[in-house]
Protein chains: 2
Amino acid sequence: MKTNLTKAECSSNLKNVIDALYVLNGKWKLPIVLSLVNSPKRFNELIKDVEGISPKILAQELKHLEQNELVVRKVFATTPVSIVYEASEYSESLKDVLRTLSDWGAGHRKKILGR
Amino acid sequence: MKTNLTKAECSSNLKNVIDALYVLNGKWKLPIVLSLVNSPKRFNELIKDVEGISPKILAQELKHLEQNELVVRKVFATTPVSIVYEASEYSESLKDVLRTLSDWGAGHRKKILGR
DNA sequence: CAGTATCCCTCCGGATACTG
DNA sequence: CAGTATCCGGAGGGATACTG
């Protein structure tokens, strides 16, 4: 990495990266977003689709994702009300990030594990 | 995200991304790599440069980074021997990933926090 | 159906002291 | 100098039961 960055640029980059990772971090956030990208779902559908997650953790992760505007919670006035989660428009902005990460991850696994 | 991915493609992407995040995860790995990108350093120099890290954690993180070939440990036969860590050639491959993450992180912070 | 409440337990990681 | 050894607290997360 022959970066010619000043120390200040480096540390602001670092801060940005850490912020980004903070939003994406954890065992469940990306699986949830990707499940919702496939199709919007209700709470209990997510429980089934995201294998192994518990309701407590799902609720917590959904809140985090809502706060970061990656997921939208919609309430429909049916009887009883139905609540649907979907991936936001904004979540499209993750596309580049995810593709880059996916590419690097794939190449890296090949390098380290040979497969 | 109007992706037209099959479910299989999606889940292999997900796996790749999770692998990538696993390598980059944690509070210290990126700060260490970035410090070494600036200049190779010895153990105690890293302790000073990466503020707040303890020797136990530093040793542990350096091992992880060595295993993933992002950091190289070099031993020089001076008396006493000196041990120098440096960012590997391969760590350059992280450039794209880090830039993408940094860009997204910066934009995201602006969106969510307005600064 | 859509979550909360509760309990429990592991593990991350920090401080400090010590060793070859 | 370059780490290990030891101890320890707290947070994150899992299982399950319960509620409006």
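Order of the sequence lines sets the chain letters (A, B, ...), proteins ahead of strands, with each chain counted from 1.
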Using a cut-off of strictly less than 4.0 Å, decide whether [X] has a side-chain nitrogen or oxygen near OP1 or OP2 of [N].
X       : N      : answer
A:Gln60 : D:dG12 : no
B:Tyr85 : D:dC1  : no
B:Lys29 : C:dG13 : no

Check the distance between [N]'s [atom2] and [X]'s [atom1] and give it to me in whole angstrom.
X       : N      : atom1 : atom2 : answer
B:Lys74 : D:dA2  : NZ    : P     : 16 Å
B:Trp28 : C:dG14 : CH2   : P     : 6 Å
A:Tyr22 : D:dA11 : OH    : C1'   : 12 Å
A:Ile53 : C:dA2  : CD1   : P     : 15 Å
B:Leu58 : D:dA5  : CG    : C1'   : 17 Å
A:Glu45 : C:dC1  : CD    : P     : 9 Å
A:Ile57 : C:dA2  : CD1   : P     : 19 Å
B:Leu65 : D:dG3  : CG    : P     : 13 Å

Looking at [X] and [Y], what are the two nearest heavy atoms and their distance?
X       : Y       : result
B:Leu58 : B:Phe43 : CD2-O, 3.7 Å
A:Trp28 : A:Glu61 : CB-OE2, 3.7 Å
A:Ala87 : A:Leu36 : N-CB, 3.8 Å

Looking across every strand, which nucleic acid part, if any, lies under 4.0 Å from A:Pro55 by heavy atom: base, sugar-phosphate, or nothing?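 Counting heavy atoms under 4.0 Å across all strands, the contact made by A:Pro55 includes a base.
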
Sugar-phosphate only, base, or nothing, as touched by A:Lys56 at under 4.0 Å among non-hydrogen atoms: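 It contacts base atoms.
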
Counting heavy atoms from C-beta on, name the nucleotide in [options] closest to the side chain of [X].
X       : options               : value
B:Lys27 : D:dG14, D:dG3, C:dG14 : C:dG14
B:Ala59 : D:dA2, D:dT4, C:dC1   : D:dT4
A:Phe43 : C:dG3, D:dG14, C:dG14 : C:dG3
B:Ile83 : D:dG14, C:dA15, D:dG3 : D:dG3

Between A:Arg42 and B:Glu61, just flag the one whose closest nucleotide in DNA chain C comes earlier from the 5' side.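 Counting from the 5' end, the first nearest nucleotide belongs to A:Arg42.
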
For B:Ser93 and B:Lys95, which I'm curious about, is there any donor-acceptor pair between the side chains at under 3.5 Å?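 No, because no side-chain N or O of B:Ser93 sits under 3.5 Å from a partner of the opposite role on B:Lys95.
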
Would you mind telling me which residue lines up with the more 5' stretch of DNA chain D, A:Gly26 or B:Asn44, judged by nearest nucleotide?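 Whichever sits nearer the 5' end wins; that is B:Asn44.
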
Take B:Leu65 and B:Val33 through the test side chain to side chain contact (heavy atoms under 4.5 Å, CB included) and record every step on the way to the result. CA-CA 8 Å; B:Leu65 292 170; B:Val33 171; 3.9 Å; yes

Given side chain to side chain contact (heavy atoms under 4.5 Å, CB included), test A:Glu66 with A:Tyr85 step by step and report yes or no. CA-CA 9 Å; A:Glu66 277 179 71; A:Tyr85 294 92; 4.0 Å; yes

NZ or CZ of B:Lys111 within 45° of A:Tyr90 ring axis and under 6.0 Å: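 Ring-cation test returns yes.
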
So what does the secondary structure string of DNA chain D come out as, 5' to 3', with Watson-Crick or wobble pairs under 3.5 angstrom, [ ] for crossing and | for pairs with another strand? ||||||||||||||||||||

Should A:Ile112 and B:Leu30 be counted in the same cluster of Ile, Leu, Val, Met, Phe, Trp and Tyr side chains packed under 4.5 Å apart?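 No: no chain of side-chain contacts under 4.5 Å links A:Ile112 to B:Leu30.
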
